[in-house]
Number of protein chains: 2
Amino acid sequence: MAEETRDRVKRMAAEIGFRPNALAKSLLSNRSFTIGLLTNDTYGRFTLPVMAGITEALADHGVSVFLCTIEDDPALGKVHVDAMLDKHVDGIIASGKRIDRRLPVDLSNLPVPVVYAFTEGAPDSVTFCADDFQGATLAVKRLIELGRRRIAHVTGPESFVSVRERSRAYRGLVGDAFPVLYGEWSEAWGHEAIAKLWMAPGPKPDGIFCGNDQIARAVVDGLRERGVRVPEDVSVIGFDNWEIVAAQTRPPLTTIDMNLKALGREAGLTVLALAEGHAVEPGIRTLPCELIVRQSCGGDSKL
Amino acid sequence: MAEETRDRVKRMAAEIGFRPNALAKSLLSNRSFTIGLLTNDTYGRFTLPVMAGITEALADHGVSVFLCTIEDDPALGKVHVDAMLDKHVDGIIASGKRIDRRLPVDLSNLPVPVVYAFTEGAPDSVTFCADDFQGATLAVKRLIELGRRRIAHVTGPESFVSVRERSRAYRGLVGDAFPVLYGEWSEAWGHEAIAKLWMAPGPKPDGIFCGNDQIARAVVDGLRERGVRVPEDVSVIGFDNWEIVAAQTRPPLTTIDMNLKALGREAGLTVLALAEGHAVEPGIRTLPCELIVRQSCGGDSKL
DNA sequence: CTGAAAGCGCTTACAG
DNA sequence: CTGAAAGCGCTTACAG
């Protein structure tokens, strides 16, 4: 075949928009350039950022991702996992809405690599999660740096490891002058907690670290309703950086971002490496959180 | 081959967990049992319910779905569409965050069927969207049935068709005693609107229909802060049924649900039908909204 | 009714 | 260096 012919063929192929059939390729290469994201987070609060990170990392590798939302239904889970295996995904990323619960499906002994992100993984697997302790430390330290000396902690149910980690960080920095207030992940609980705190005798807190943004929002609202100024009288910091809540609070919440997108990116890259046969050390990888400064804590944002 | 042998083979196949390679199957059948969901709704507010509907309708047909979030980046859009076509998806569902904007990618003349859900479609395509006019009618009628006679409408930017449709429905039922207040889709605007309404001379509204739940939340908060009781003095109804906002408002919001999940289900079924070669009438299919009664409008919930 | 062959669209390894 | 063949894992159509 002459140079010229070869060129002509190539040109025509490009012109005509020839695209090789990825399915046929996969049949040979054992690589489908497809991965599955399995989650029970129907609301997408945690899974969407993770998903965004995965896509960001893998889109230009030509990898597409199947999103499978399985609620808490083992049967649905099996259906989705089987469908993914039949389609020969290169790997699976399991995700969820809390780091101390497993998805209702058995992902061990699959013929493809599995990586866990923001959900509890199998013992010898690779698991990514946010560093709750470090994130909480960031928040409480900021309150201390702002000169706050009576810092309270209003948070979610003690059954969550995240809650325990965060309050452990709080305790370490603040001691036990104030009780940690455990409750629901709701605004109702935030209001209740503020009522408790302000009805108690003795000096009131001048800083409140909240277990999530919903609680923080209610705390800020509750304070305003009592005529207490935020951030002048009391500094409030939340957790999650859930835009819809944090940005709409009056004043907008300073809060902790878990960097879920970075987490997704790492998980994506890792599952790809595994799929390509690279060895990856198993274990729990903890990614740092970040302080997002808005207006609910006051002070110089460059502190 | 004896009956017995055939049985034994089948049994062994099941035992050993034999699963046919879907990729190989696809090569022959021209069906990959895979569809793509393309969206620019990074937050997932609208796309996630649509996605849930699609999955619900198609999971037991063995169809998996690629989720592709393309922000507003045409280049990214093309990358994803090409990746999907290479993988021979059976069809594509385009979705978005408003019904009068197109995705930044050309989906005409693709070799696979395309269906639009909650985004503007190509002229001769199948498009699904919620019935804004009917939804707004539901809300305003409810306010009227509750005996409200001075009903105001606080909503988003007039540039949205949804906004214009909803206010057209409002106008039709209420007349023009009150101006329609157009603004941002934010709580800040809700507060501002209440300030305007309550500073104006003359009788105050006794019912407020809001363009979305964020505005409604702020309206309820603003009213409470002015000592106006909701729902005793003023009935408020929102739009969207965005759980995180509607359920946490004090009192929780009565609101309109666009039935996005049903929309996703229809879109999924339709794209599948097209993939199977069935003819589908092009055009815009409008799905009805639903009134979700909580406590912000008062009255008998069975009205 | 059973069993072997041809073919889906590619890539890899091998013979000329 | 070029070109034909074999094969990935299936299904379909055809010959015995």
Side-chain angles (χ1 to χ4, degrees), chain A residues 1-36 58-64 66 78-92 109-113 272 274-278, chain B residues 1-36 58-64 66 78-92 109-113 272 274-278:
Chain A
M1 180 159 51
E3 259 309 307
E4 187 216 346
T5 321
R6 154 169 269 129
D7 271 11
R8 248 186 40 218
V9 170
K10 278 198 178 168
R11 245 185 306 115
M12 298 234 49
E15 218 165 89
I16 209 179
F18 173 79
R19 315 220 95 228
N21 184 334
L23 264 28
K25 267 186 181 162
S26 308
L27 212 46
L28 282 291
S29 61
N30 273 322
R31 296 273 280 102
S32 64
F33 293 92
T34 287
I35 68 160
L58 302 188
D60 39 292
H61 288 67
V63 175
S64 308
F66 287 129
K78 188 158 168 34
V79 167
H80 274 125
V81 170
D82 283 348
M84 293 196 284
L85 293 179
D86 286 352
K87 281 156 191 157
H88 285 230
V89 292
D90 295 334
I92 293 179
N109 302 113
L110 293 189
V112 299
L272 204 62
L274 285 164
E276 284 166 354
H278 301 290
Chain B
M1 181 159 51
E3 260 307 307
E4 187 216 348
T5 320
R6 154 170 269 130
D7 272 11
R8 247 185 41 217
V9 170
K10 279 197 176 167
R11 244 184 307 115
M12 297 233 50
E15 218 165 273
I16 210 180
F18 173 78
R19 316 219 93 229
N21 183 335
L23 264 28
K25 265 187 183 162
S26 309
L27 212 47
L28 282 291
S29 60
N30 274 323
R31 296 273 281 104
S32 64
F33 293 93
T34 287
I35 69 160
L58 301 189
D60 38 292
H61 288 68
V63 176
S64 309
F66 287 128
K78 188 158 168 34
V79 167
H80 274 124
V81 170
D82 283 349
M84 293 196 284
L85 293 179
D86 286 353
K87 280 156 192 159
H88 285 229
V89 291
D90 294 335
I92 292 178
N109 301 112
L110 293 190
V112 298
L272 203 63
L274 285 164
E276 283 165 355
H278 301 289

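In what follows, chains carry the letters A, B, and so on, assigned in the order in which the sequence lines appear, proteins first and then strands, with residues in each chain numbered from 1.
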Heavy-atom side-chain proximity of A:Leu85 to A:Val112 below 4.5 angstrom: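 Side chain of A:Leu85 against side chain of A:Val112, heavy atoms only: contact under 4.5 Å found.
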
Side chain proximity check, B:Arg31 to B:Lys25, heavy atoms < 4.5 angstrom: no

Pairing pattern in dot-bracket form [Watson-Crick, G-U; both distances under 3.5 Å; | = partner strand] for DNA chain C: |||.||||||||.|||

Nearest atoms (heavy-atom pairs only) where B:Val79 meets A:Ala59: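 Scanning both residues, the minimum pair turns out to be CG1-O, 4.1 Å.
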
Which atom of A:Ser64 lies closest to which atom of B:Ala83, heavy atoms considered: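 What the structure gives for the nearest pair is OG-CB, 3.8 Å.
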
Flag, side chain of B:Asp90 to backbone of B:Ile35, donor-acceptor distance under 3.5 Å: no

Rounded to the Å, how far apart are [X] [atom1] and [N] [atom2]?
{"X": "B:His88", "N": "C:dG9", "atom1": "NE2", "atom2": "P", "answer": "9 Å"}
{"X": "B:Leu27", "N": "D:dG9", "atom1": "CG", "atom2": "P", "answer": "12 Å"}
{"X": "A:Asn30", "N": "D:dG9", "atom1": "CG", "atom2": "P", "answer": "7 Å"}

Any residue meeting side chain to side chain contact (heavy atoms under 4.5 Å, CB included) with B:Thr34, in chain and number order, not counting sequence neighbours: A:Phe66, A:Lys87, B:Ser32, B:Phe66, B:Val89

Residue list, side chain to side chain contact (heavy atoms under 4.5 Å, CB included) with B:Asp86, at least two apart or on another chain: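 Result, side chain to side chain contact (heavy atoms under 4.5 Å, CB included) vs B:Asp86: A:Arg19, A:Ala22.
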
Test side-chain hydrogen bond (donor to acceptor under 3.5 Å, both in side chains) applied to A:Asp82 - qualifying residues, sequence neighbours left out: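 Counting only residues at least two positions away or on another chain, A:Asp82 forms a side-chain hydrogen bond (donor to acceptor under 3.5 Å, both in side chains) with A:Lys78.
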
Each nucleotide N or O in nucleotides 10-14 of chain D that has a protein N or O under 3.5 Å away: list the pair and distance.
from: D:dC10; atom 1: OP1; to: B:Asn21; atom 2: N; distance (Å): 2.9
from: D:dC10; atom 1: O5'; to: B:Asn21; atom 2: N; distance (Å): 3.2

